[in-house]
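All remarks here apply to the structure that follows.
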Amino acid sequence: GVTDQDILADQDTSADVVSNGMGLRAQRYSPLSKVNAQTVQDLVPVWGFSFGGEKQRGQESQPMVKDGVMYVTASYSRVFAIDIKTGEEKWQYDARLPENIMPCCDVINRGVALYDNLVIFGTLDAKLVALDKDTGKTVWKKTVADYKAGYSISAAPIVVKGKVITGVSGGEFGIVGKVEAYDAKTGEVVWSRPTVEGHMGYLNGKENGITGGQANKTWTGDLWKSGGAATWLGGTYDADTNLLFFGTGNPAPWNSHLRPGDNLYSSSRLAIDPDTGEIKWHFQSTPHDGWDYDGVNEVIAFDYQENGKTIKAAASADRNGFFYVLNRTNGEFIRGFPFVDKITWAKGLDKKGRPIYNEEFRPGNPADAKDGAKGKTVVAAPSFLGGKNWMPMAYSPDTGYFYVPSNEWEMDIWNEPTAYKKGAAYLGAGFTIKPINEDYIGVLRAIDPKTGKEVWRYKNNAPLWGGVMTTGGGLVFTGNPEGFLMAFDAKTGEMVYKFNTGSGIVGSPITWEQDGEQYVSVVSGWGGAVPLWGGEVAKRVKEINQGGTVWTFKLPKRHEIAAK
Ligand SMILES: O=C(O)c1cc(C(=O)O)c2c(n1)C(=O)C(=O)c1cc(C(=O)O)[nH]c1-2
């Protein structure tokens, strides 16, 4: 079974992948180097495994590998265990969801957590399920939140010191975001931490302090009671500072004129004590958000040297178009810079990292309109799907660069009146996403976090929606909606490999070593938010076919022979 030590050492141990992010810091870096710029051209698929059925749709999973078995999730809250060597199925689990689930952004799932002999994942009806790794039979099952109120789970949980840590989705339905810890072996809840100011936290069944100290300091009226701030992308963990990093989504509703104030802790990054659920620091990237700039994107701990000193930093590329480097011990802003070409809603960041707004790019107040039905429409960039959305970036300690999957797009956005109703969409906004350039939307960027400089870029016709991985072989892997698994030279950005998987890639690649051979796996299956919410962009990519296949690659045996 998987131990805490296995999980903590995941980035440095190449024989398996036992955490989302390929290490709890989620650098998505593997030291493996047999597959490199010289050899990668020969990478060939060894098997493909179909998730089958009519249930295709978006496949955003990162597979896990332990003791010769792959554990991978698929659309509609399914899990598969597959023999690594042969691609044969060992078991599958189908959560059999109720009819009336309400995921906002496709029926996706991003992966499992492994602990002891358990395979643990979250479902679209907002449950955590722990399965026996050998049989796929349910060992425990817990309700995290009420799916009838709009809650769901799409993120991969993580396990830290024996606790499964999960967030929740539902920001478009006026839920209240939270982060929760469960005993991994029994499923008993240990702590619960709401992410909207004013709500009570719990530790071992006892009250453990109101988030933010009191209600309504940064909200208006009763809006904090349905304030959103969903923790829908899950979190990362840094053992060095013993902190969990979770991002929070947009405040609800989108119409910002209804909720004057900063609306803590929406569109923020939170550092949380994994033992108690207490918030140690917060950094709000978009106070008083009016554009759906969720602050959920992954926070990646990394160290760098400056003037002979080690800086304990963390980086995050926000939907709002800015890349942030923070001091991960206390959340202080070190620097921030745009990582996309076009940002209209803010002129820049001040010394503390707070945006300097361009108020003319905030959608107008419907109350100012003659009929009160629709406020002034503005064209804002980035679009609400963000300069970067959920798809994880990677960090290479070899180059010191972050590899950021990003998109260039803007939107028409306007506000409308709205009121909270349990289980109903709670936006108060309308929108249309539009491309900015004729020939590309996606841009994979190599970014130097010390200078903000873009070192290289690769432009992609369709929006990039898949995760990134970097390796000791000096490569950067990712996939595109056109279907290609691609590898780039980490220093120059030259594309050195591509393979067509037959459907769009919106999952995250992994690599590991078994019996002296380096394997690479990625899930293929187009979907996620773009085809559903992408407006003009969705039209541009409407020809892409759906799918649902895990592909596994390695170098042919003759490489081993040649090496000897
Ligand atoms: O506020 C939320 O609860 C929530 C949840 C999710 C999700 O669970 O995937 C997404 C979003 N928001 C969202 O804003 C968004 O752009 C998005 C894209 C995707 C995707 O998987 O393609 N999910 C989500």
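In this chain, residues are counted from 1 in sequence order. Atoms within a ligand are numbered from 1 in the order they appear, just like the ligands themselves.
- Ionic pairing of Lys434 and Glu536 is not present here: no N-O contact between side-chain nitrogen and carboxylate oxygen is shorter than 4.0 angstrom.
- Contacts of Leu233 with ligand 1, taken as heavy-atom pairs under 4.0 Å, are absent altogether.
- Any N or O atom pair closer than 3.5 Å counts here, and Trp390 shares no such pair with ligand 1.
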- Message: Set out, in order, the CA-CA distance, both residues' side-chain angles and the distance that settles salt bridge (Lys or Arg N to Asp or Glu O under 4.0 Å) for Arg445 and Glu408, then state yes or no.
- Response: CA-CA 12 Å; Arg445 297 170 145 101; Glu408 296 288 341; 2.8 Å; yes
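- Using a 4.0 Å cut-off between heavy atoms, Asp294 contacts ligand 1 through its side chain alone, with no backbone atom that close.
- Checked against the 6.0 Å centroid criterion, the rings of Trp232 and Tyr151 do not qualify as a close aromatic pair.
- We find that Lys148 and Asp146 are not joined by a salt bridge, their nearest charged nitrogen and carboxylate oxygen being 4.0 Å or further apart.
- Not a single heavy atom of Phe173 sits under 4.0 Å from any atom of ligand 1.
- In this structure, of Met391, Arg110, Met102, Arg319, the residue bringing a heavy atom nearest to atom 13 (C) of ligand 1 is Arg319.
- Near Ala529, with a cut-off below 4.0 Å to any heavy atom, the atoms of ligand 1 are 18 (C), 19 (C), 20 (C), 22 (O).
- With a 4.5 Å cut-off on side-chain heavy atoms, Ser521 and Phe49 do not count as touching.
- Among protein heavy atoms, the minimum distance from atom 20 (C) of ligand 1 is reached at Glu60 OE2, 3.3 Å.
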- Criterion salt bridge (Lys or Arg N to Asp or Glu O under 4.0 Å) on Asp341 and Arg457, from CA distance to verdict: CA-CA 12 Å; Asp341 295 336; Arg457 66 164 67 181; 2.9 Å; yes
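- Checked against the 6.0 Å centroid criterion, the rings of Phe339 and Phe402 do not qualify as a close aromatic pair.
- Taken to the nearest 0.5 Å, the OG1 atom of Thr220 stands 12.5 Å off from the NE2 atom of His257.
- Proximity to Gly170 (heavy-atom distance under 4.0 Å) selects the following atoms of ligand 1: 2 (C), 3 (O).
- Contact between Ala346 and Pro355 at its shortest, heavy atoms only, is CB-CB, 4.2 Å.
- The shell of residues lying under 4.0 angstrom from ligand 1, judged by heavy atoms, includes Ala230.
- When all heavy atoms of Ala149 and Ile175 are compared, the pair lying nearest together is O-CG2, 3.3 Å.
- Closest heavy-atom approach to atom 8 (O) of ligand 1 among the candidates Ser154, Ser383, Gly528: Ser154.
- Using a non-hydrogen distance threshold of 4.0 Å, Asp106 does not register as a contact of ligand 1.
- Summary of contacts: the protein heavy atom closest to atom 19 (C) of ligand 1 is Cys105 CB, 3.7 Å.
- Within ligand 1, counting atoms from 1 as listed, the ones closer than 4.0 Å to a heavy atom of Trp465 are 20 (C), 22 (O).
- Close approach of ligand 1 to Cys104 is summarised as follows: ligand atoms under 4.0 Å from at least one heavy atom of the residue are 4 (C), 5 (C), 6 (C), 10 (C), 11 (C), 12 (N).
- Near Glu172, meaning under 4.0 Å from any of its heavy atoms, are these atoms of ligand 1: 1 (O), 2 (C), 4 (C), 12 (N), 14 (O).
- Only the side chain of Leu385 comes within contact range of ligand 1, with a heavy atom under 4.0 Å; no backbone atom does.
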